[in-house]
Amino acid sequence: MKAKGPRLEPNLCTYNIVVGALCAAGKVGDALIAYEELKGSGHEPDRFTYQNLILGCCKSYRVDEGMRVFQEMENNCVNADTLTYNTLLDGLMKVRKLTEACRFFEKMISDGVKASCYSNNIIIDGLFRNGRPAAAFVLFSQLKKKGQFIDGITYSIVVSHLCKEGRVFEALGLVKEMEEKGFAVDLITITSLLIGFHKNGNWNSAEKLVRYVRDSVLLPSVLRWKENMEASLKAPQDRGKDYTSLFPHIGRLSDVISLIDPAPENTNEEVDAVSDLENEWSSSPHLDKLAKSFKSSDSSPFFSIRRGQRVQIKGVKSFDNAMLNTYLAIFLSNGKLSEACKLFEIFTSLGSEPVSYTYNSLLSSFVKKGYLNDAWGILQEMGDKKCPADIATFNMIIQGLGKMDKGELATSILDRLVKNGGYLDIVMYNTAIHALGKAGKVDEANKLFQKMTGTGINPDVVTFNTLIEVNSKAGRLEEAYKFLRKMLAAGCMPNHVTDTILDFLEKEMEKVKLQKASFGHNKAEHNADDTG
DNA sequence: CTAGGGTTAG
């Protein structure tokens, strides 16, 4: 290499590596800029460039951008394969764009791209998640008849949704069928069933599993684990009933906020000035800028862009962790916080390393029960142990703030999260809208709805329920009704929660009507029923 | 690239 020669220009491979790495680090905005630079560099993006970018966009909920890249890919005559289609299909389903997803699926078929088991699984799961369980079942049984288009994961998906709807015996039937067809009944499926049983108050049904699942290698270990766990829980508890000393008490909100953004300083202007100076010499100005602004704190383990992965079963330790998470979820969903904490204590003292997932489960129920000091203590411990917080952790922070009537802080937390390279998903938006509305910031809540749709995420039934409720309770009946109409226009199926909320709304409207009547302003028309 | 934790009422 000549030191004095012209700078080496990055080639396509270099660009692809950079784009891929930026996406993997969650810095999709930077990846998109690098992509723009690549297009201006005289190189043509290839299928690797496109696939990495599309995956990055979809994982960070920027599906509109993913679709835009896909469009450019087509315009550039690079053929999309099954993987690319699947990535976008999943993204569309996750942002609740069911219609677009179905259209895209049809395009996939008509373009002659073969749907794989992955594709079918994404569609079936997406139908369930988008409030179309009947359609999901129809597709499932059609594919089953055709054979060879579904796999064990398809069964696992359907079983899990059946359990969520409380239809555990139908789920059991499917598990039996699954095994007969030679698909392995894995820990994920068993976990869904265990949680399903327990939600239905059928704690002892776990043993019945052996009647349905005979060949599973895992089931005996699961049952043995459960037995040992129950025995340990019966042993006298060290702290009596008191679990509160498990985690440090910090209890100060400012500490929590500083956990999110430990070093609020930013030397962006300086960096900009430097890179501006060098722009004309650089073949890759944005990448130079990124390199200059790189700080080791960027890789701080406390904050993870990627969502905390579930424990995969590899060896005894990870089996313990997976089971620990499962049983924490079970205890916590039933409000058995004390048992959950004891279980946590037993396993950590035996040397199990809690992961983000484990902490999130505990955090969730501390927040739900209103033990916020302990919740902040968990965050503290996560920080101390360098256990990364992920989007679910942040969701619990927002929920906790809502609980302590500090919902107005939600906006600034979300801003910080995004500023640090994070992203907002549907659950996060829903939680924040609720927290803001509860804090009386209904305008801000409604604005967040606008922002959500503006970034390409469609609202779901929870979003609409929340907005209708929040606006009703604030006496903004017109607004509430507007959201109801939007919900129906969007083809979003109301659920039982909607019913409860609408009852409330109706009563409020009745009140207003009576008031108007008593003032003698009884107008003959009611504009709320008109379509808008 | 898909499934198992985080969101809404009473």
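First the proteins, then the strands, lettered A, B, ... as listed; each starts at 1. None of the values given here were measured: they were computed from a predicted structure.
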In plain terms, say whether [X] and [Y] are close enough for a salt bridge, that is, a side-chain N and a carboxylate O under 4.0 Å apart.
X	Y	value
K181(A)	D151(A)	no
R476(A)	D443(A)	yes
E444(A)	K447(A)	no
K144(A)	E177(A)	yes
K507(A)	D503(A)	no
R307(A)	D390(A)	no
D405(A)	K438(A)	yes

So what does [X] touch, heavy atoms closer than 4.0 Å: a base, only the sugar-phosphate, or nothing?
X	result
Q399(A)	sugar-phosphate
I501(A)	sugar-phosphate
D499(A)	nothing

Original post:
Do K226(A)'s NZ or CZ and the ring of Y327(A) fall within the cation-pi criteria of under 6.0 Å and 45°?
Top reply: no

Subject >> Heavy-atom pair of closest approach, residues T189(A) and S156(A) >> reply: OG1-OG, 3.2 Å

Original post:
Residues two or more places apart in sequence or in another chain: which of them pass salt bridge (Lys or Arg N to Asp or Glu O under 4.0 Å) with K441(A)?
Top reply: none

Subject >> Residue list, salt bridge (Lys or Arg N to Asp or Glu O under 4.0 Å) with E65(A), at least two apart or on another chain >> reply: R62(A), R68(A)

Original post:
Taking only residues two or more places apart in sequence, or in another chain, which ones meet A80(A) in a side-chain contact (heavy atoms from CB on, under 4.5 Å)?
Top reply: F70(A), M73(A), T84(A), Y85(A)

Original post:
V497(A): what forms a side-chain contact (heavy atoms from CB on, under 4.5 Å) with it, not counting sequence neighbours?
Top reply: N465(A), N495(A), I501(A)

Strand-adjacent residues in [range], judged by heavy atoms under 4.0 Å from DNA chain B:
range	value
residues 146-170 of chain A	I153(A), S156(A), I157(A), S160(A), K164(A)
residues 86-109 of chain A	N86(A), T87(A), D90(A), K94(A)
residues 181-189 of chain A	D186(A), I188(A)
residues 216-223 of chain A	none
residues 449-477 of chain A	V462(A), N465(A), T466(A), E469(A), K473(A)

Original post:
Under a criterion of less than 4.0 angstrom to any heavy atom of chain A, what are the 5'-terminal and 3'-terminal contacting nucleotides of DNA chain B?
Top reply: dC1(B) to dG10(B)

Subject >> ring-ring contact (aromatic ring centres under 6.0 Å, His included) against F128(A), all qualifying residues, sequence neighbours excluded >> reply: F137(A), H161(A)

**OP:** For Y423(A), check ring-ring contact (aromatic ring centres under 6.0 Å, His included) against everything at least two apart and list the hits.
**Re:** Y61(A)

**OP:** Please answer whether the main-chain N or O of K368(A) pairs with a side-chain N or O of S365(A) as donor and acceptor at a distance below 3.5 Å.
**Re:** no

Subject >> Heavy-atom donor-acceptor pair, S352(A) side chain to T348(A) backbone, under 3.5 Å >> reply: no

